[in-house]
Protein chains: 2
Amino acid sequence: MSLRYALLALLRVGPLSGYDLQKLFAESVGHVWHAPDSQIYPELKRMETEGLIAGEEQSRGVRGRRRVYHVTDGGDQAFLEWVNGPLEYSRVRDPAHLKAAYLESAGAEARRAFLENHARHHTELLHRWQAELERIRSGRHPMLERRLATTPQSEWARTTAFKEFAYEGLVERAQTEIRWAQRGLQMLEDLS
Amino acid sequence: MSLRYALLALLRVGPLSGYDLQKLFAESVGHVWHAPDSQIYPELKRMETEGLIAGEEQSRGVRGRRRVYHVTDGGDQAFLEWVNGPLEYSRVRDPAHLKAAYLESAGAEARRAFLENHARHHTELLHRWQAELERIRSGRHPMLERRLATTPQSEWARTTAFKEFAYEGLVERAQTEIRWAQRGLQMLEDLS
DNA sequence: CTAAACATGTAAAGCGTTACATGATTCG
DNA sequence: CGAATCATGTAACGCTTTACATGTTTAG
């Protein structure tokens with residue numbers, strides 16, 4: 001349900017084809033909301049039939065074609081309703097902590113592997129998010145640049161601040177997970 | 001895919017009916033993996049046809065019946081493969097941080113409401129998990145008690161330690177989210 | 001006798017994943 | 001001319017949610 005708002009957020013900055021959108025998606029919103037192409041194209045179609053976006057068919061070379069979408073007034077309104085509306089939190093469903101709770105049934109090797117993997121996984125995320133933060137702070141973020149180009153200069157600080165803030169939250173979360181896993185590894189040593 | 005392992009974890013301690021399981025589920029594993037009854041009953045059936053568990057029909061009063069399930073050798077093995085196997089992390093999909101990244105498009109009121117709600121939501125989770133931790137530490141946890149009853153005393157410390165550890169991770173995560181939201185509220189003041 | 005608790009599901013719809021499928025264009 | 005990139009999907013399957021659906025037993 002959030003996918004369409006992620007797509008609208010990108011399209012609100014300017015018209016894009018499904019392909020461009022998908023590329024841009026991967027290196028911006030995709031960091032907080034993954035979606036494969038096979039989900040993006042059908043969703044764009046659905047959004048068009050619902051009147052949130054409109055597409056124009058363009059030709060590319062002799063036989064090539066691409067469909068460039070832009071946000072309609074309805075889509076803009078839907079986006080604003082989403083950002084201004086309440087967020088519903090989904091139920092807890094946490095494979096890592098579920099497994100952690102039953103780790104005593106695992107072998108010594110599997111316990112260590114689990115915790116090391118947890119630390120590794122979140123370290124990768126941490127790096128990704130730190131790099132993203134760096135790009136935002138240094139003004140080298142592709143989507144943010146496009147975004148600021150259509151934003152009054154008086155709003156630049158605010159716009160950047162919210163982007164930074166979002167990624168800071170992700171960085172802190174990753175750090176918390178890494179600390180937890182490392183404390184777990186320490187615990188394994190203490191227990192043996 | 002984790003649901004069945006959560007169910008197996010409970011059943012491995014001792015046979016239970018779908019109803020008992022569902023009640024126990026809500027106050028133990030349900031804290032890290034939510035599932036409604038309408039998902040539990042069909043899953044039990046599927047697990048039975050796959051040979052992971054076996055059910056015995058019991059009568060209750062004149063017309064009443066209940067099906068009591070126990071774990072088969074195959075189910076036990078499947079559970080051990082799960083705890084000993086690698087955990088696959090799902091792709092990032094984070095509604096709260098997605099929205100946070102576009103908060104500058106929201107009105108001042110909606111921004112504050114979002115962050116306050118985020119803090120409130122995670123404060124509730126924090127309380128739930130702290131209470132759970134307290135029950136684990138004081139030996140008043142229903143599932144853990146049943147569990148320890150079938151565990152050699154030499155393993156009690158270890159078993160309890162892993163449960164504590166899992167919930168500590170959840171507590172720390174909730175605290176991180178609350179701190180983040182509160183820093184965001186501070187940021188709103190600073191920006192205005 | 002009535003409410004709460006016991007007991008067990010079905011059906012439909014939505015979202016997401018994975019695998020499959022195809023073709024055009026541009027650059028070197 | 002071949003590889004990379006551009007461009008767009010379909011199909012099948014699985015998990016989750018929500019709503020609906022029904023009946024029994026026990027305690028007060």
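Every side chain to side chain donor-acceptor pair (under 3.5 Å) that A:Gln186 has, sequence neighbours left out, goes to A:Asp190. Checked against side chain to side chain donor-acceptor pair (under 3.5 Å), A:Thr150 has no partners two or more places apart in sequence or in another chain. Applying the side chain to side chain contact (heavy atoms under 4.5 Å, CB included) rule to B:Ala54 yields the partners B:His70, B:Thr72; only residues at least two apart in sequence or on another chain are considered. Applying the side chain to side chain donor-acceptor pair (under 3.5 Å) rule to B:Arg135 yields the partners B:Glu132; only residues at least two apart in sequence or on another chain are considered. Applying the side chain to side chain donor-acceptor pair (under 3.5 Å) test to A:Arg140 and every residue at least two apart in sequence or in another chain returns A:Ser138.
Spacing between atom NZ of A:Lys23 and atom P of D:dC6 amounts to 6 Å, rounded to whole angstrom units. The nearest whole Å value for the distance from the CD1 atom in A:Ile40 to the P atom in D:dC6 is 15 Å. Residue A:Arg63 contributes atom CZ, which lies 16 Å from atom C1' of D:dC6 at whole-angstrom precision.
A salt bridge (Lys or Arg N to Asp or Glu O under 4.0 Å) check over residues 17-37 of chain A, counting only residues at least two apart or in different chains, returns the pairs A:Asp20-A:Arg66. Sequence neighbours left out, not one pair with a member in residues 8-51 of chain B passes ring pair (Phe, Tyr, Trp, His ring centres under 6.0 Å). Identified under the salt bridge (Lys or Arg N to Asp or Glu O under 4.0 Å) test for residues 151-164 of chain A, with sequence neighbours left out: A:Arg137-A:Glu164, A:Glu155-A:Arg158.
B:Tyr89 and A:His118 are linked by a side-chain donor-acceptor pair at a separation below 3.5 angstrom, with hydrogens and angles left out of the test.
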Which donor-acceptor pairs under 3.5 Å do side chains of residues 81-88 of chain A form with protein atoms, sequence neighbours excluded?
residue	atom	partner	partner atom	Å
A:Glu81	OE2	A:Gln77	NE2	3.3
A:Asn84	OD1	B:Gly107	N	2.8
A:Asn84	ND2	A:Leu80	O	2.9

>> Counting Watson-Crick and G-U wobble pairs with both distances under 3.5 Å, what is the dot-bracket string for DNA chain D, 5' to 3', using [ ] for crossing pairs and | for pairs to another strand?
In response: ||||||||||||||||||||||||||||
> Along nucleotides 7-16 of chain C, 5' to 3', which nucleotides get a B, which get an S, and which get a -, given that the test is a protein heavy-atom distance under 4.0 Å?
Replying inline: BBBB----SS
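Scanning residues 76-92 of chain A for heavy-atom distances under 4.0 Å to DNA chain D yields A:Arg91.
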